[in-house]
Amino acid sequence: MELVVTRNFGRPESWTLASYREAGGYEALERVLKEMTPEDVSDLIKDSNLTGRGGAFFPTGLKWEFVRKDPKTPRYVVVNADESEPGTYVNRLSLELDPHMTIEGMIIAAYASNAERGYFYIRGEYGLSHERVKAALREAYEAGYLGQGICGRDDFNLEVEFRRGAGAYIVGEETALFNSLEGKRGNPRFKPPFPTNFGVWGLPTAINNVETLAAAPAIVMNGAEWFKDLGIGDAAGTKMYCLSGNVVNPVCVELPLGVTAREVIMDHGGGVPEGRTFKGFKPGGASSAPLTPAEIDASLEPKSMAELGTIMGTGGVVVFDDTACMVDAAYRDALFFEDESCGFCIPCREGTPNLVQICERIMHGQGTMDDLDLLEELGASMMASFCGLGHFAHQPVRGAASRFRDEFEAHIRDHYCAAGTCFTANGNGRAG
Amino acid sequence: MAIHHTELETPPGREPLPESERPKLETLREQLQPLKDLPGSSIEALYAAQELFSYVPPEAITLIAEELRIPESQVFGVVTFYTMFSLEPQPPYVLRVCRDLSCHLAGAPKLIGALEKELGVPRGHTSPDGRFTVEVVSCLGLCDKQPALLVNLDQHGPVMPDDVPDLLGDLRNGAG
Ligand SMILES: Cc1cc2nc3c(=O)[nH]c(=O)nc-3n(C[C@H](O)[C@H](O)[C@H](O)COP(=O)(O)O)c2cc1C
Ligand code: SF4
Ligand code: FES
């Protein structure tokens, strides 16, 4: 398998400009500036079928074209490195091990979008990433890849500001991130207008995930067809899948987009620890509903996941064995969303604690079968939430309650927890 | 230049900055100067304050609002929005332990229990020696190191309950 975004991870001092250049870094940018118009670049990226790795899988080339076609200036490019989806650490690895690849992608995005200003926004907890990206930005400025008159082209300038967050999952939502960049509370804004026309400071903004941008230089060097062919079936390119939970090897692997969950979990993750039974998995972070062992041959790409009533999400695959209680697992996700709801709109502010309470009732032997219906109603009302957090927050709980119905019913009817973590004096410990 | 706002009353429920800490407000004011040219940099301004004082005292909020020319209410809104800012003095070591799914499956509850036991205080409280506090937080993006924690911004994991005495011992001895 040809690697795209992780290909330099094993190099010595892979995060430095010297190492990146030795591996052919910034050649794509030079080619773009010598041989291509902004339109050529967005067309190439469109042809490659590169889609947003932040989880929404929107066509990246189209986004850059929209920004370029908006007459308002200055236009912006923003790197979304707020990665905070539970079970996901792919962007962290790119930021720590190969920041220049994302920066090169960002500059290419700016050229294609006709943008002259940018922000590199990293979540507050990623201390090592801050250091590495700040140093890499400095190197890129010194080498003339950033600033005024990039690579001798006096008509192409890009000033990039480094920014960090300070602990808030919701700021990863693009419009919330703009508010954060503007020095405000990180509440989301209403869409439309969309970021391509009304982004940071109300100006046209191309905002992309780290992994999306990191793919751009290789597409420039190898062509749209090459990238498309890396994926399986209709899916284009590769994806960094990362494993955690009850899995032998909690590792990150770059694989063709659309590989089966079996390949990721069994071949690369080594399956569940010896003596345990595989019980299920979440395909992409907290927002995704869990799937059962019967679904392990499903392709980890957006379309197949949607058909199964879940989402591809971030590629953060969380594995369960028989020591995991699925009610407890749903409860953990509910706690996460309760904590991270920004509180701006009622369906989510009130709905997320409700999800927590329903799980708690079931885990403490006070649940009724009506609670399972209530979950469905609550989920339907949360679809009226203002942003994606509220739209997704109920999915893992409802998904667990329908896919692992027997387990929920056993808790409710028989006060029985097969994993043995509920109904015991100290159980798993209710860790806040 | 005098910082006249510090003469103002402290908001209800909040302690004024101790007299001995007041000179640092002048340092903060200097550090805020370059941020005036970077619109929207209230987070960076608050980090500067927190690094100086270990928390964001009321006087710093007033000062940031004044220097960056934004409403005080907006600065206060930002402080309270983000979990990494504190309105109360913080000990030198803040241990942020992940409680989310992957770390939970890998034993986070036992790790949190071991930390509370070893420090002799529940989460959210400062240890009797005044040097540590344990916060239970959302996913740190360190799920490959499950169960994971941050000591300030330093990554640790996997940390098992048995590792806790050594981890804290190293920090107590200044080796962390
Ligand atoms: C609640 C919520 C949180 C999000 N968090 C992130 C994030 O941490 N990183 C990210 O790249 N996208 C995140 N997104 C998606 C962004 O809004 C946006 O779609 C993405 O940054 C666009 O870049 P892409 O097209 O390259 O994926 C989040 C969306 C929602 C609704
Ligand atoms: S859905 Fe939740 S996170 Fe989104 S705006 Fe409403 S309260 Fe905030
Ligand atoms: S779930 Fe604990 S660091 Fe991600």
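Numbers restart at 1 for each chain; the letters A, B, ... are given by sequence-line order, proteins then strands.
Ranking Glu182(A), Glu340(A), Arg123(A) against chain B, the residue ahead of the rest is Arg123(A), based on heavy-atom pairs under 4.5 Å. For chain B, the option among Lys184(A), Arg163(A), Glu85(A) with the highest count of heavy-atom pairs below 4.5 Å is Arg163(A). Among Asn179(A), Val200(A), Thr88(A), Val247(A), the residue making the largest number of heavy-atom pairs under 4.5 Å with chain B is Thr88(A). Highest contact tally toward chain A, considering only Val137(B), Val79(B), Thr83(B), is held by Thr83(B) [criterion: heavy-atom pairs under 4.5 Å]. The residue among Gly87(A), Gly127(A), Ser84(A), Ala168(A) with the most heavy atom pairs within less than 4.5 Å of chain B is Gly87(A).
Residue contact with chain A, scored on non-hydrogen atoms closer than 4.5 Å, involves the backbone and the side chain of Leu38(B) alike. With a threshold of 4.5 angstrom between heavy atoms, Tyr169(A) does not approach chain B through any atom at all. If you measure heavy-atom distances from Asn249(A) to chain B, you find no contacts under 4.5 Å at all. Of the two parts of Leu142(B), the backbone and the side chain both hold a non-hydrogen atom closer than 4.5 Å to a non-hydrogen atom of chain A. Heavy atoms closer than 4.5 Å to chain B are found nowhere in Glu83(A), neither backbone nor side chain. At a 4.5 Å heavy-atom cutoff, the contact between Asn246(A) and chain B is made by backbone and side-chain atoms alike. In this structure, the portion of Val318(A) lying under 4.5 Å from any heavy atom of chain B is its side chain and not its backbone. At a 4.5 Å heavy-atom cutoff, the contact between Arg164(A) and chain B is made by backbone and side-chain atoms alike.
For Ser180(A) (side chain) and Val171(A) (main-chain N/O), no donor-acceptor pair under 3.5 Å exists by modelled atom type.
Among the candidates Asn91(A), Asn80(A), Thr314(A), the single residue satisfying the side-chain hydrogen bond (donor to acceptor under 3.5 Å, both in side chains) test with Asn209(A) is Asn91(A). The side-chain contact (heavy atoms from CB on, under 4.5 Å) test with Met84(B) is passed by exactly one of Ile43(B), Leu46(B), Leu153(B): Leu153(B).
Ion pairing between Lys279(A) and Glu407(A) holds under the 4.0 Å rule for side-chain N and carboxylate O.
The ring of Tyr121(A) has its center no closer than 6.0 angstrom to the ring center of Phe162(A). Here the two rings, on Phe320(A) and Phe281(A), have centers that are 6.0 Å apart or farther.
Counting only N and O atoms by type, the side chains of Ser138(B) and Arg99(B) include a donor and acceptor under 3.5 Å apart.
Counted within 6.0 Å of NZ on Lys117(B), heavy atoms from surrounding residues, nucleotides or ligands total 12 or fewer; the atom is thus considered open.
At a threshold of 4.5 Å between non-hydrogen side-chain atoms, the residues Glu135(B) and Val94(B) count as touching.
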